[in-house]
Amino acid sequence: MLALGLGGGFAALAQAQEAEPAQAVSAVPVAVSTTVNDTLDQRLEGCAACHGQQGQGGINAYYPHLAGKSADYLYDQLKRFQNGSRHYAQMTYMVRFMDDAYMHEIADYYAQQKLSCMPVEAARPDLSGVPAGAPIPASGAVVTAESGSSIPPCSSKQ
């Protein structure tokens, strides 16, 4: 009984549609821009969020600097994140679908950047009260070469 009722309803709807004149539907295509500026600057925005605009590294030194490192080294690290031999979720996500040419372009860019360092005076820790030959506090930089040490000073000023 229900099936007959529905069937009759569909038949009535079909008859009503036949009786009404068809309305014209506009077939004018709407232009939608799907073009994205594919520039190196646009590509590097994801990197700059953590590594800085010129690859100088994060303010708190958590994210390493990229500027001035070898392009081969940088490319190799990107490949390692991509193939899973290096693990950091954000980097893996960023490079997952990059092709080799794209990663080479990014590596080349950062290799050409100059790493800007703090002025020597700002980097020099306060070592007053530290006896000569004592280990330098973890917060300080090596500012003078110790005799017999293979570690060079960070600056030529001593």
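Worth saying up front: this structure is predicted, and the values here are computed from it rather than measured.
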> What pairs with Gln90 under side chain to side chain contact (heavy atoms under 4.5 Å, CB included), at least two apart in sequence or on another chain?
Replying inline: Tyr88
> Quick one: side chain to side chain contact (heavy atoms under 4.5 Å, CB included) partners of Thr92, sequence neighbours excluded?
Replying inline: Phe81
Test item: [X] and [Y] side chains (from C-beta on) under 4.5 Å apart, heavy atoms:
{"X": "Leu44", "Y": "Tyr110", "result": "yes"}
{"X": "Leu74", "Y": "Ile106", "result": "no"}
{"X": "Glu45", "Y": "Gln53", "result": "yes"}

> Sequence neighbours excluded, which residues qualify as salt bridge (Lys or Arg N to Asp or Glu O under 4.0 Å) partners of Arg80?
Replying inline: Asp76
> Among all residues two or more places apart in sequence or in another chain, which pass the salt bridge (Lys or Arg N to Asp or Glu O under 4.0 Å) test with Asp108?
Replying inline: none
> Okay, side chain of Gln42, backbone of Leu40: is any donor-acceptor separation there less than 3.5 Å?
Replying inline: no
> Rounded to the nearest 0.5 Å, how far apart are CD of Gln113 and CD of Gln54?
Replying inline: 6.0 Å
Distance-only donor-acceptor pairs under 3.5 Å for side chains of residues 94-101, two or more places apart:
{"unit_1": "Asp99", "atom_1": "OD1", "unit_2": "Ala101", "atom_2": "N", "d": "3.3"}
{"unit_1": "Asp99", "atom_1": "OD1", "unit_2": "Tyr102", "atom_2": "N", "d": "2.8"}
{"unit_1": "Asp100", "atom_1": "OD1", "unit_2": "Tyr75", "atom_2": "OH", "d": "3.1"}
{"unit_1": "Asp100", "atom_1": "OD1", "unit_2": "Lys79", "atom_2": "NZ", "d": "3.0"}

Shortest non-hydrogen contact from [X] to [Y]?
{"X": "Pro64", "Y": "His51", "answer": "O-ND1, 2.8 Å"}
{"X": "Met91", "Y": "Leu78", "answer": "CE-CD2, 3.8 Å"}
{"X": "Ser70", "Y": "Ala111", "answer": "C-CB, 4.2 Å"}

> Could you walk me through whether Asn83 and Ser85 pass the side-chain hydrogen bond (donor to acceptor under 3.5 Å, both in side chains) check?
Replying inline: CA-CA 6 Å; Asn83 70 25; Ser85 61; 2.9 Å; yes
>> I'd like to check the side-chain hydrogen bond (donor to acceptor under 3.5 Å, both in side chains) partners of Gln112; sequence neighbours left out, ordered by chain and number.
In response: none
